[in-house]
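Since the structure comes first, as structure tokens, the remarks are kept for the end.
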Protein chains: 2
Amino acid sequence: MELTTAEENYLKAIYHLSDGGKKSVSTNDIAAEIRTKPASVSDMLRKLGEKEVIQYRKYYGLQITPLGMRLALQTIRKHRLWEVFLVDKLQFAWDEVHEVAEQLEHIQSPLLIERLDAYLNYPKFDPHGDPIPDAFGDVRSRPRIALNEMGIDQSGQIVAVKDSSPEFLRYLDKVGAYIGARIKVLDKVEFDGSIEILVDQKKNLFMSKEVAKNILILTL
Amino acid sequence: MELTTAEENYLKAIYHLSDGGKKSVSTNDIAAEIRTKPASVSDMLRKLGEKEVIQYRKYYGLQITPLGMRLALQTIRKHRLWEVFLVDKLQFAWDEVHEVAEQLEHIQSPLLIERLDAYLNYPKFDPHGDPIPDAFGDVRSRPRIALNEMGIDQSGQIVAVKDSSPEFLRYLDKVGAYIGARIKVLDKVEFDGSIEILVDQKKNLFMSKEVAKNILILTL
DNA sequence: AAATTAAATTAGAGTTATCTAAAAAATAAA
DNA sequence: TTTATTTTTTAGATAACTCTAATTTAATTT
Ligand SMILES: [Mn+2]
Ligand SMILES: [Mn+2]
Ligand SMILES: [Mn+2]
Ligand SMILES: [Mn+2]
């Protein structure tokens, strides 16, 4: 059972939007994620249903199947391995990798991925802190919370970002936030949810709730 | 002006079959090369003509344009750089790279190729001995002749293979012929064109004309 | 519960790439 | 120079994927 590039992209979007099969996903959400029209999504859902990677009853909703999970995780694995390659080996910045990985993830060659994984020394996380599923689709995910949900005086470490857009990542570069940084919450503004943190025990950083929501923390 | 994956494959085939625009190419030849039907080729030729990468008059023939040359060489450059990557970095054997490179060559990202080239240390030849065009499409090709055209006692070095099929390459592996090997013609059989050579001053090798035709030599 | 609004699906059409079968043009043979 | 053969192109279908516009179903509001 092999999927087309378009099918892989849809399935990956469904996996992400459903948070690994937990949350329900709407046609409109998928359309927004893939940047396509709801009509196209309906059509594709029917096809994905026929291929049994989702369970689909029209107007009712969908559920990703175990098979769908497996295939989605395979594509995600490829995507993230390629991102590591681009950053570690080809000196890409973390805000430059997404689009290229979006293409590379569809290359069909089990041997290639196996070798790439070995070449990169079996990385466990991609440049945005997201876990890389192993060859069997197992993901060991760390418990992490969004920065905006932390309380004053709580400490932790930045382990991932929720938004991987170049705009957001370049903003983080500019203010000196990065994966691995140790942080402590100094103050929170009740009114708008903005937050002030201390980075690496030396730099004060003030950010909006919108930004904080997209920074994921492993609390100490 | 960007080409689809299919268009890139056709244009590359045309470039190769025409020997860089020198020889004339038939619809049937292209169909055989791409493993498609002549009817599909006719259709594609019309489209490539409209995009002005070839000059095409039906029933008459085609001529690759300077623009077409440039684009074909760009794809060939990508193909060969990826082959080097697979062999040098990922430990692929030279008979395992073609299919994967056939996919990778279509990844769209000028930055990626620039970085890959640098990472590989600006290689000049791919694992099969074929020259890698530079970013401007310039190819510095060495003068080389097919092994079957050499005379007795002539010496040279294997610099490339004409056939990159796994079957042929694995045969060469088996008998110990490889790119870079120094050879000398010991004997030629008039009757069937088969040939006996000395490899690296130590090993005698006997091969059919069919094999010798696909081994390219730089004479000393 | 009926009416309104929102979400999802279907209908119908366009694009790209492929195929088989039929027709046309060019080439080779008689 | 007709006739036969080969090559190439066109006609007509099919498969994937996408879109806009229309319709249907579900959810919300009065
Ligand atoms: Mn993708
Ligand atoms: Mn990522
Ligand atoms: Mn290709
Ligand atoms: Mn090659």
Side-chain angles (χ1 to χ4, degrees), chain A residues 1-15 17-18 23-64 68 71-72 75 99 102-103 105-108, chain B residues 1-15 17-18 23-64 68 71-72 75 99 102-103 105-108:
Chain A
M1 227 282 296
E2 64 281 341
L3 302 178
T4 67
T5 290
E7 287 168 344
E8 284 184 347
N9 285 334
Y10 274 94
L11 192 59
K12 198 156 60 85
I14 290 167
Y15 178 89
L17 290 169
S18 72
K23 294 194 283 191
S24 80
V25 195
S26 76
T27 300
N28 279 336
D29 288 348
I30 297 170
E33 174 85 2
I34 307 269
R35 257 174 286 284
T36 183
K37 294 282 142 34
S40 308
V41 176
S42 282
D43 213 52
M44 184 57 93
L45 291 182
R46 192 184 40 71
K47 283 193 283 187
L48 292 178
E50 280 166 15
K51 291 208 171 184
E52 303 191 310
V53 293
I54 63 171
Q55 203 184 324
Y56 172 60
R57 268 165 41 243
K58 56 187 190 181
Y59 292 111
Y60 264 81
L62 64 94
Q63 180 75 43
I64 191 164
L71 295 175
T75 306
E99 266 203 52
E102 205 55 50
Q103 297 178 60
E105 69 189 359
H106 305 292
I107 302 290
Q108 306 278 5
Chain B
M1 225 284 294
E2 65 279 341
L3 302 179
T4 66
T5 290
E7 287 168 343
E8 284 183 347
N9 284 334
Y10 274 94
L11 192 58
K12 198 156 61 83
I14 290 167
Y15 179 89
L17 290 170
S18 71
K23 293 194 282 189
S24 81
V25 195
S26 77
T27 299
N28 279 335
D29 288 349
I30 298 169
E33 175 86 3
I34 307 269
R35 256 175 284 283
T36 181
K37 292 283 139 51
S40 308
V41 175
S42 281
D43 215 52
M44 184 56 93
L45 291 181
R46 192 184 41 69
K47 284 193 279 187
L48 292 177
E50 279 164 17
K51 292 208 171 184
E52 303 191 313
V53 294
I54 62 171
Q55 203 185 324
Y56 172 60
R57 274 173 27 247
K58 58 187 189 182
Y59 291 111
Y60 202 88
L62 64 94
Q63 181 74 45
I64 192 165
L71 295 174
T75 306
E99 266 203 51
E102 203 57 49
Q103 297 178 61
E105 69 188 358
H106 304 292
I107 303 289
Q108 305 278 5

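Just so we're on the same page: letters track the sequence lines, and every chain starts at 1.
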Set of residues satisfying side chain to side chain contact (heavy atoms under 4.5 Å, CB included) with respect to Glu52(B), sequence neighbours excluded: none
Angle by which the axis turns from one end of the helix from dA1(C)-dT30(D) to dA30(C)-dT1(D) to the other, five pairs per end, to 10 degrees: 10°
Nucleic acid contacts - residues 28-50 of chain A versus DNA chain C, non-hydrogen atoms under 4.0 Å: Asn28(A), Pro38(A), Ala39(A), Ser42(A)
Minimum side-chain heavy-atom gap Leu11(B)-Ile54(B) below 4.5 Å: yes
Inter- and intrachain pairs under salt bridge (Lys or Arg N to Asp or Glu O under 4.0 Å), touching residues 38-51 of chain B, at least two apart: Glu7(B)-Lys51(B), Asp43(B)-Arg46(B), Arg46(B)-Glu50(B)
Partner residues of Glu102(B) under the side chain to side chain donor-acceptor pair (under 3.5 Å) criterion, sequence neighbours left out: Lys12(B), His98(B)
Sub-4.5 Å side-chain heavy-atom contact between Val25(A) and Ile64(A): no
Residues forming a side chain to side chain contact (heavy atoms under 4.5 Å, CB included) with Ser24(A), sequence neighbours excluded: none
Outermost nucleotides of DNA chain D that come under 4.0 Å of a non-hydrogen atom of chain B: dT7(D) to dT10(D)
Side chains of Val41(A) and Tyr10(A) in contact at under 4.5 Å (non-hydrogen atoms): yes
Under the side chain to side chain donor-acceptor pair (under 3.5 Å) test, residues paired with Glu2(B) that sit two or more places apart: none
Terminal contacting nucleotides, 5' and 3', DNA chain C versus chain A (heavy atom, 4.0 Å): dA7(C) to dT10(C)
From CA spacing to verdict: side chain to side chain contact (heavy atoms under 4.5 Å, CB included), Val53(A), Ile14(A): CA-CA 11 Å; Val53(A) 293; Ile14(A) 290 167; over 6 Å; no
Nearest-nucleotide comparison on DNA chain D, the residue closer to the 5′ end among Tyr56(B) and Ala6(A): Tyr56(B)
Min side-chain heavy-atom separation Leu71(A)-Leu3(A) under 4.5 Å: yes
Please report, to 0.1 Å, the donor-acceptor pairs under 3.5 Å made by any side chain of residues 28-40 of chain A, with sequence neighbours excluded.
unit_1: Asp29(A); atom_1: OD1; unit_2: Ser26(A); atom_2: OG; d: 3.3
unit_1: Asp29(A); atom_1: OD2; unit_2: Ser26(A); atom_2: OG; d: 3.2

Test side chain to side chain contact (heavy atoms under 4.5 Å, CB included) applied to Gln108(A) - qualifying residues, sequence neighbours left out: Glu8(A), Lys78(A), Gln103(B)
